[in-house]
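The analysis underlying the following values was restricted to heavy atoms, covering all of them including side chains, and did not include hydrogens, waters or symmetry mates. Computed from a prediction, not measured in an experiment: that's the story for all the values here. We name chains A, B, ... by the order of the sequence lines, and we start the count at 1 in each one.
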Amino acid sequence: MSDPLQECIDAIKPLFGDDADKAAVLCGQFAPITVGDQLNDAVVGLNTLYLTSCGALVFVMHAGFAMLCAGAIRSKNTMNILLQTVMDAAVSAIAFYILGYGFAYGIGDKPNGFIGDALFGLARWAPKNVALNPAAGDGWQNWFFQWAFAATATTIPAGAVAERLNFNAYLIYSFFISAFVYPVVVHWVWASEGWLGMARYIGYSHLFRSGMIDFAGSGVVHMTGGLAGLAGCIMVGPRMGRFDSNGNPVEMPGHSATLVVLGTVLLWFGWYGFNPGSQLLINTAVSASVVGRAAVTTTLAGAAGCLSCLLTAFFRHKAWDLLAGCNGALVGFVSITASANVVEPWAALICGLMGGWVFDFVCWVFLKLRIDDPLSAAPMHAFCGAWGVFFAGLLAKRQYVCDSYGRDCDNTYYIPNGLLYGGDGRLLASQVIGIICIFAWVFGLMSILFAVMKVLKILRISAEEEQAGLDVSKHGGSAYNYDHGLGKPEKAQAMGL
Amino acid sequence: MSDPLQECIDAIKPLFGDDADKAAVLCGQFAPITVGDQLNDAVVGLNTLYLTSCGALVFVMHAGFAMLCAGAIRSKNTMNILLQTVMDAAVSAIAFYILGYGFAYGIGDKPNGFIGDALFGLARWAPKNVALNPAAGDGWQNWFFQWAFAATATTIPAGAVAERLNFNAYLIYSFFISAFVYPVVVHWVWASEGWLGMARYIGYSHLFRSGMIDFAGSGVVHMTGGLAGLAGCIMVGPRMGRFDSNGNPVEMPGHSATLVVLGTVLLWFGWYGFNPGSQLLINTAVSASVVGRAAVTTTLAGAAGCLSCLLTAFFRHKAWDLLAGCNGALVGFVSITASANVVEPWAALICGLMGGWVFDFVCWVFLKLRIDDPLSAAPMHAFCGAWGVFFAGLLAKRQYVCDSYGRDCDNTYYIPNGLLYGGDGRLLASQVIGIICIFAWVFGLMSILFAVMKVLKILRISAEEEQAGLDVSKHGGSAYNYDHGLGKPEKAQAMGL
Amino acid sequence: MHTLSLTQALCSQFASSSKLQDAIIGLNTLYLLLCGALVFVMHAGFAMLCAGAIRSKNTMNILLQTVMDAAVSAIAFYVLGYGFAYGVGDKPNGFIGDALYGLSRWRSHNYDLATGMGGDTGLGWQSWFFQWAFAATATTIPAGAVAERLNFNAYLVYSAFISAFVYPVVVHWVWSTEGWLGYVRRAPYGRLFGSGMIDFAGSGVVHMTGGLAGLAGCVLLGPRMGRFDSSGRPVEMPGHSASLVVLGTVLLWFGWYGFNPGSQLLINSLANAAVVGRAAVTTTLSGAAGCLTCLGVAFTRHKAWDLVAGCNGALVGFVTVTAGAHVLEPWAALIAGSTGALVFEMGCALLLKLKVDDPLAAAPMHAAGGAWGVVFVGLLAKKQYICESYGKDCTEPGSGVVPHGLFYGGGGRLLASQVIGVISIFAWVYGLLTLLFAVLNAINLLRISAQEEQAGLDLSKHGGSAYYYDHGLGKPEKAPTAAESVLTPSPPSTSI
């Protein structure tokens, strides 16, 4: 290998009358031109590391969902819901590989605002994608990161239909949502072609000249998952014994608060990939500040939501309700997810606090309407997700919108701004349109799907199976077989040995 | 777009008598200035990613604490301690946002060595902080990372006062420690203004010309948390039945060893954010080597601590005590936390090994004194934390001190060095002063707080409540409701089969 | 004045002396640190998986083994293992490393601060950390195979042995620049069949090593009491908690995103970044395919949706793709996962026929699935991806000699290397471990007594039970008397 420094000196010393010393001063002072290439490479590496590690964090939310759902239901259905969560990850990976990613982000021969039309099975991946602009995050890691989101959206409804849904029905809906329903919403809001989102190419016209802000998916991910759950739990009806003959709810406590807390904290952990990761690039000071801010606002909204629900529960029941605290934290995260990039920290506190109230109110309404959602997935993800989208229209800060969406705040192009900052309502209108369209699309499609399955009688398990529990009837046993230390040693002997 | 190469040539050709060819030689050899800007941007991104991912890892320690504490206590108080952990994260986020971060790092109109005086509620965040030097990690992510530490310090005492503390008292102390007690210690040791730390601005005078080394907080975080727990468990007294009428301890085993191990391993995992993250910057070769070394020394100290406690327990009880192994690993981590950046790997082994002995000895003393610390939080965090701070004074290596604190080992300025490496004791003296001051500050303040609450009779729950368990008396139920598969087959049969 | 304007003009146009090398080192360090931490979290996964899949009376035993593995392997790998694996000392050779014991002369051998060579080449402190996390994984895999009956002292011996010697030697063969077997052997040396074995993240190095150690152990130990009835038919011994099994599986899945994408070791170039990203994708798809395959197989056999089968399937998918995560197309990863799952099912059936009792199916999963993964690379490794991963230039003339997958027309050199690799690892690991376990057996250190096994290891060796639920567990009539249990905390179980 030749010495780069010497090469540089040799190249420029003619300029200084072959004075190698002067040339050496310059060559020592300035970076060689190859630095530019190295730098571009390193930037790609940095962005790849950023997306893969954030994607892994988003994936760990599956551990969170699995533990949360398991802990919050009765032990006789534990294996069922655990299997659903594991299955969701697997089914969504394959569905998103074959179809979903293409519907969401594929730009083929007929690009349009409604649905993507290329990249199915990652076909022609390299020419269509990698070579395009690797620095822009369009690499393999992009599929990975987006899949982790799809898996999250797919697994949210599990909680709403827990303890009574037919497993076959679950398989069908899981594939359907991750291959089609969710990707279309993604295309609308996040793809550069989508008709709804703020991230649409500058060249296209934006909805109300603004477009919808949904940073990490209060609407795209959480509303989609939550509304699918809502459609499901309405169609499938309440669990046996959930409402007594007078229609009053009967408590059905989950079997392990420890698992609920473990799930909540793992979800909290994963949210630090979910929100900060959604900036997709981290190689500029501005992007980095958005990433950092997203971590801060996420934390504060979750904290505010936790205390909001905890105190509400305390005033209602005079007991410190652990589950209320856990739900509250999650509600806070769901609410801030749409606007984690564009709000001030104090606004994040308000967002989480009021999200807690929205959640409590909707839960109360559900009980009145005798809708049985064992994990409150619909109030949390559908309604607080909608609240989060709405909130972005109120308190998105102009400067932060510019930071996050790569606009120049000093130029004359219209920059959307939150209504309460004196924005003109265009952003808020976009947010509302977004909520309505996502609602119509997801709730409509999923209701049809569940209705068809109901007609085919594959939606709900039989009453005997429900009483016995899904684990025994469908999964060949019980989740727990403690043979020791649980007060029944004489029986345990018989079982185990 | 104009051609950057041509721009460059146009800009410098006047220097060469408008000889464009000569200018082209230079422009072809050197990277344009924009590369420098891009690089600065990418460096900010790199440091941001580093702090946010390490911050997330520190946060996952909450999952660890929650599982560890839950598993190590009796099942009838599980919900109580789980709620405390979740609450700690939420309360500390809000307290640290409003007050704590300002007390810790705010540099306002009257900077002083004792307490910060700006940045409350992240007010004037941008002008005070971001603009300062984003490359130096002073961005949003800095709040996030520091909050994760504050949350850790806040949650450590939960184990010491478990199973008997009034929940209201917990709320008060949790806010107090994260808003005031902990931030002041941080200011002393880690802020650039603090009177105690080695990281003080070079311009100020340092304690004994050295200042205290506490890399990731054996003293700042663990002693603070552990001493608060110590004050609490002395004031609140032992659990009912913990000591028999002769004063001999009665075993009160935790309800799930599985949860203890899960908690331990998650804490271990999180510690790879706690220690390696504490270098705060990773964009130089020297910083990167410190980060890497911190991961190595952390691993080895934890391993040595684990085996140390395990073997000690084996020689004492002739049984392989799982909890001893888990505690030992944590003790190793606590001990190395102060010096993970400045010791050799073999020194880390010694640090963890002897930390295990310190822990076992202090636990034995506590039993003699009839102090009931259900999770041994005080021996682990307060005493092994102090041991870790002390150890840094013995075996901090001069070269590594320079690496980690950005000093130049070749110049004549005094560089502190461990006593056993032939240092002159200034560093060790600083470490001892640090231990004494943290002890006085934290133990003093927290004793006063707990004493006041004791006088107001809000410190401890009633005997009936304690007997029934906090979950039933304060949290409206039990953490566990297994209805199936748990040794009650006749019941399950009746229900399901 | 002229000088000043000259300086200004130049400085305004050109980037000043570069911080780039520094930043690249930082980037690579961060990458390995994060991925190493993710690999470590697989310990949480193994602990939960193993605990959930065995009976509750041996829970503390297996949990302690997992924690111990991490601790023992750290010290063993520090003192000896890393040196055997990667040390290049005075007599470099293809079989075993000969320097860096106790990280001695770390700087001169490995890390040059002045040039930053260490960090840039991935050989800084973080390299030890990352490699240790792998060693800890290999060490802890066998725990599942010998669960519920191995003597704890025997476990200590074998744990130190494998992490200090057996595993590092395999690493040296395949991953070090001196090793006789690997694709990355340094240029002056000749590579096996002109190709060498590709094992990206260790289907062979890590998983086969762990799995074969487990196999040797469970063959010599014999089945658990009551595992086969008098007619030789297997008796189900379900694990005590499916929740823990799932938690463990998902945490392992999570950790695998450090295990595979991290194994590129560097991320500072376009090619490296592409490999890292692709590894995450193929890992995901293979695990998903394995999960659904095992689930489907179990459903067709038992007409029940078997949760544990799904979990095992996902893990088998990961094990299989680990060798080729960097060189397989996504569709090939799907095939790898599904066929790996079938191999696993066959391995399980075979072990049952032979009455070998492997409580966690560690040997079929890691040894058989791992071996299949290594072979699979020989079939479907794509040339372009190999060039990308190993820094070759595929477009250069003469690049036709880059050995690649048989089905892509790459010739059989790579496949032959893979097969030789599988055979060599099998011989080395299975041979040595069988010897070790046989010696332990001869001195009666291997298996616990029948009484201890019946009572459970927790009670006999670890001083109690893992669980003391005193409340809320379907014993409401008992719950009001919880006060008594405060005063007399010994649960009835301890009286077994």
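In this structure, NZ on K318(A) lies 12.0 Å from NZ on K474(B), to the nearest 0.5 angstrom. Taking CH2 of W143(B) as the start and CZ of R293(A) as the end, the distance is 14.0 Å to the nearest 0.5 Å.
Contact of L259(B) with chain A is made through the side chain alone, with heavy-atom distances under 4.5 Å. For a residue to count as touching a neighbouring chain, one of its non-hydrogen atoms must lie under 4.5 Å from one of that chain's; by this rule L310(A) touches chain B with the side chain only. Of the atoms belonging to A66(B), it is side-chain heavy atoms, and not backbone ones, that fall under 4.5 Å from chain A. M67(B) touches chain A through its side chain: at least one heavy atom from C-beta onward sits under 4.5 Å away, while N, CA, C and O do not. Contact annotation for L349(A): only side-chain heavy atoms (C-beta onward) come within less than 4.5 Å of a heavy atom of chain B. There is no contact between W271(A) and chain B, counting heavy-atom distances below 4.5 Å. Of the atoms belonging to L171(B), it is side-chain heavy atoms, and not backbone ones, that fall under 4.5 Å from chain A. With a 4.5 angstrom heavy-atom cutoff, T52(B) touches chain A only via side-chain atoms. D88(B) does not touch chain A: none of its heavy atoms, backbone or side chain, sits under 4.5 Å away.
Ranked by heavy-atom pairs shorter than 4.5 Å toward chain B, the options C306(A), G302(A), P253(A), P345(A) are led by P345(A). Taking chain B as the reference chain and counting heavy-atom pairs below 4.5 Å, the highest number among G325(A), A303(A), S287(A) is found for A303(A). Comparing Y50(A), W268(A), F314(A) by how many heavy-atom pairs each has under 4.5 Å with chain B, the most go to W268(A). Of the listed residues (G305(A), G71(A), A329(A), G254(A)), the greatest number of heavy-atom pairs within a distance under 4.5 Å of chain B belongs to G254(A). Note: T258(A) leads T298(A), T258(A), T264(A), L262(A) in heavy-atom pairs under 4.5 Å with chain B. Annotation: maximal heavy-atom pairing with chain A below 4.5 Å, among T78(B), V86(B), I94(B), occurs at I94(B). For the set L46(A), L266(A), T297(A), the count of heavy-atom pairs under 4.5 angstrom toward chain B peaks at L46(A).
Between D41(A) and D37(A), every side-chain heavy-atom pair lies at or beyond the 4.5 Å cut-off. Taking the side chain as every heavy atom from C-beta outward, F269(B) and L57(B) approach each other to under 4.5 Å. At a threshold of 4.5 Å between non-hydrogen side-chain atoms, the residues N80(B) and H475(B) count as touching. Residues F65(B) and T152(B) have side chains in contact (heavy-atom distance under 4.5 Å, counting atoms from C-beta outward). For the pair L165(B) and I461(B), the minimum side-chain heavy-atom distance is 4.5 Å or more. Between V261(B) and V265(B) there is a side-chain heavy-atom pair separated by less than 4.5 Å. You'll find the side chain of L68(A) reaches within 4.5 Å of the side chain of L267(A), heavy atoms only.
Aromatic ring pairs are classed by plane angle as parallel below 30°, tilted from 30° to 60° and perpendicular above 60°; the pair F167(B) and W320(A) is tilted.
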